[in-house]
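Chain letters run A, B, ... following the sequence lines, proteins first and then strands; every chain starts at 1.
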Amino acid sequence: MKGNVIFKKHQNLIFSYLAALLLFAAISVYKPGFASVNHIKVLAQESAIIGIVAIGQTFVIITGGIDLSVAWMISIAAIMVTRLGGGGNEAMIWSVPLILVMTVFFGLVNGACIAYLRMPPIVMTLGMNIILQGGLVAVTQGAPGSYASDLLVVLGQKAFLGIPWLLWIWGLFTVLAMLLLFRMKYGRELFAIGNNSVVANYSGINVNAVIMWSYGFSGLTAGLAGILLAGKVGSSYLGMGDALQFQSIAAVAIGGTSMMGGSGNYLGSVAGAFTITILLGILAALNLPYGVQKMAYGLIVLGSVLMAARKIKNSR
Amino acid sequence: MKKIKDGFMKSPAKVAILLFVLLEILTVILQPGALSMSWINLKAEAAVTLLFAAIGETFVLLIGGIDLSIAGVISLTNSFSAVYMQDHPGSMILISLVCVCMGAAMGAVNGFIINRFRIQPFIVTFATWYIGGGIAYLILPKDGGNVPSAFTSALTHRFFGGKLSIAIFLFVICAVLWMWFKRTRTGINLYAVGSNSKAASLNGVNVPKVKMFAYVASGVFAALSGVYRTAVVATGSPTGGESFFNQAIAAVVIGGTLLTGGKGGQMGTIIGVLVLKMISDILVFAGVSSYWTTLFQGLLLVVAVLISCVSEIIRERKELIG
C-alpha cells in the first residue's frame, strides 16, 4: 500500500528514468561500443553540462516562466573565462567570480523586467539573448575565444576516483538544488507562485522578488555551465551555448516539470539530461542529418508536454 | 480638426506614427535621395517579408497568444520553394500554394494542440518552430536552392514604367483588407477573445474557433513571407526565418498592439514594420558597423516591449485612482 503511494507520487520521475534506461539499453544492443566505460564517461560529462543549465531552467519553469537567454550567457562565460587575464590558472581566481556575478546580474535584469514590469518571459529573455549575442559579437568583433586554462581542462575532461570531475560538480549542485527546492522556504515559495501567484501574494510571499531571483539563479547556473563547457571543449568559440538552449528546456520537460509551473522536481531534469544525451548519441550513431536532430528536439518537447497535459486532465 | 486630433490620441498606433514621421525626416536629411520613387519601391520590397510575418503574429497577439513557429514556417517555405520551384508559371503557382497549405497546416496543428490540451502557446509553438526548422534542414541542408529568375521578376515587377512596385500594392492591399476585416464578425471576435476570453465565451463567441483562426492566419502569413523571401533574396536558407520572430514582435509592439491581447491592430503593425526598417537603414547611413546591428535589434525589441508594458502599468494605476 505504502509502495503504491510512493509510486504514484513519483510516477513522473520513475518514468523519466525508465525512458533513459530503456533508450540506453536499446542502443547498447544495436551498437555494443555505446555501453563501454569510456563512452559512458563521455555521455555523463555531456549530461552534466546540460544538467547544470537545467537547474536554473527548472527553477524558472516552476514559476511558470522560461529562460531563453541561457545560450549566450553560456557563450559569454566561456569566452570570458578563456580570455580574461590571458585565461591562465591564476586569472581564474578573480575572473570566475566576476563572470558569475555578471551572469547573475543579467539574470536579475531579466527577472526584474519580468516580475516588476510584467514583461512576458519569452520576449524578455529572447531579447536578452539577442542583446548578449550582439554585445559579445560587437566587443570581440567576431574573433573566436582562446584555449582554456589547465585547471579548467582538468575539471572538464579528467576524472577523480574514476568518476569525471564534472559529475562530482554536478552531483554537488544537484544536492544544493534539491535542498533549495524541498528543504528551504525559497523552494516552497517557488512552487506556491507557480501554482497561483495571486494566492501566493495574499499569503505574504514577496512574489516579485522570488521570481526575480529564479532568473538570477538561472544566470548563475548558465554562467557556471559556460565556464565548465570551456574546460570540457578545451577552448571557447562564439555560439557554443546555442545547442544548450533547447537541450536544457527539453531536459526539464522530459523530467516531468510542468510547463504551466507549480509542480516539478529537479531529479526529473537530471533524468531528462541523460535522456537527451543518449538520444543525441543515438542520432549520431545512426548518422542522421542535423535536420532530424532538430525535429527530434521539437517532437520530444511536444510529446512530454502533451503527456503532462493528459495527466493533469486525468487527475481532475 | 478636433476629430482628427482625438482619433490620433486614441489610436494605439500614435507612438508608431510619431516615430514614423520623425524617422522619415531624419532619413531625408541623412540621405536626400530617400524621397525618390525608386528608393521607396526598393525599401518596400525589402520590407514585405517582415510585413507578412508581423501581420501573422498580430492576429495571434490580438487574442493574447504568441506564435514562435513563424520562424520555422518561414525557413521551411523558403527552403521548400527554393528547392522545388521550376521555371514554369504553373509550377510557381503550385509550389506557392503548397507553401501556403504547409503554413496553414502548421497553424492548425498549433491551434489544435493549444485548444484541445490547453497548453500555453509559447511552449507548443516553440516545439513546432523546431519541427519546422528541422524539416527545412532536411529539404535544404545548406543555403542555396535554384530559384527561377522569372519568379523573382514576377514578384518584383514594377508597373507604370518602373514607378510602382508590387510591394507597395501589397502594403496597400493589406491595409484595405484589414479595414474591412476588423469590422467583420471574426474580426470583432478576435478583440473580444483577446480582452477577456471568458466573457467572450459567455457571450456566445466560439473561443476555440477564433483561436484556431488566429493561429492558421499566422501560419498562412508566415508561409507568404517565406515565399516572398524566396523571390526577393532569390535563394533559400534553412535558417532564413530565424530572426523573423523577434523582428515581428518588435514591429507589432512598436505598432501599439499589446502582448496581452485585445488592443492594437494591423494598421499599427504596418507602420511598425516601416519604422523598424527605417531604423536599420539609418544605422547603415550613420556608418554603424554591422557587428553592432544584432545588439541594436535586441535592444529595440526589449525597449519597445518595455515601454509598452510600463505604459500599460501606468494606465492601470491611473484607472485605479481615477
- Determine the option with the most heavy-atom pairs under 4.5 angstrom with chain B, choosing from I66(A), T140(A), V301(A).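 Of the options given, most contacts go to I66(A).
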
If I measure from the heavy atoms of chain B, does [X] come under 4.5 Å with its side chain, its backbone, both, or neither?
X: L136(A); result: neither
X: V139(A); result: neither
X: I249(A); result: side chain
X: L68(A); result: side chain

Sub-4.5 Å side-chain heavy-atom contact between [X] and [Y]:
X: I135(B); Y: K294(A); value: no
X: I113(B); Y: V305(A); value: no
X: L302(A); Y: Y130(B); value: no

To the nearest 0.5 Å, tell me how far [X] [atom1] sits from [Y] [atom2].
X: Y137(B); Y: M295(A); atom1: OH; atom2: CE; value: 14.5 Å
X: F117(B); Y: L306(A); atom1: CZ; atom2: CG; value: 5.0 Å
X: I122(A); Y: N246(B); atom1: CD1; atom2: CG; value: 11.5 Å
X: C309(B); Y: M124(A); atom1: SG; atom2: CE; value: 10.5 Å
X: W129(B); Y: F246(A); atom1: CH2; atom2: CZ; value: 8.5 Å
X: L295(B); Y: I130(A); atom1: CG; atom2: CD1; value: 10.5 Å

- Task: Any chance you could lay out the side chain to side chain contact (heavy atoms under 4.5 Å, CB included) test for V137(A) and T294(B), step after step, and finish with the verdict?
- Result: CA-CA 8 Å; V137(A) 171; T294(B) 317; 5.7 Å; no

For residues [X] and [Y], report the shortest heavy-atom separation together with the two atoms involved.
X: Y116(A); Y: I313(B); value: O-CD1, 3.8 Å
X: G127(A); Y: L301(B); value: CA-CD2, 3.8 Å
X: F122(B); Y: G65(A); value: CZ-O, 4.3 Å

- Task: Give me the one residue out of T260(B), V305(B), I249(B) that meets side-chain contact (heavy atoms from CB on, under 4.5 Å) with P120(A).
- Result: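 Going through T260(B), V305(B), I249(B) one by one, the side-chain contact (heavy atoms from CB on, under 4.5 Å) with P120(A) is satisfied by V305(B) alone.
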
- Item | Best-contacting candidate, V124(B), L299(B), V310(B), I139(B), against chain A by heavy atom pairs under 4.5 angstrom |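 Top option by heavy-atom pairs under 4.5 Å: L299(B).
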
- Task: May I ask you to name which of P238(B), G133(B), G298(B) has the most heavy-atom pairs under 4.5 Å with chain A?
- Result: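 Most heavy-atom pairs under 4.5 Å with chain A: G298(B).
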
With only heavy atoms counted, which part of [X] is less than 4.5 Å from chain A, the side chain, the backbone, both or neither?
X: L306(B); value: both
X: F126(B); value: both
X: I66(B); value: side chain

- Test side chain to side chain contact (heavy atoms under 4.5 Å, CB included) applied to V123(A) and V302(B), step by step: CA-CA 8 Å; V123(A) 175; V302(B) 170; over 6 Å; no

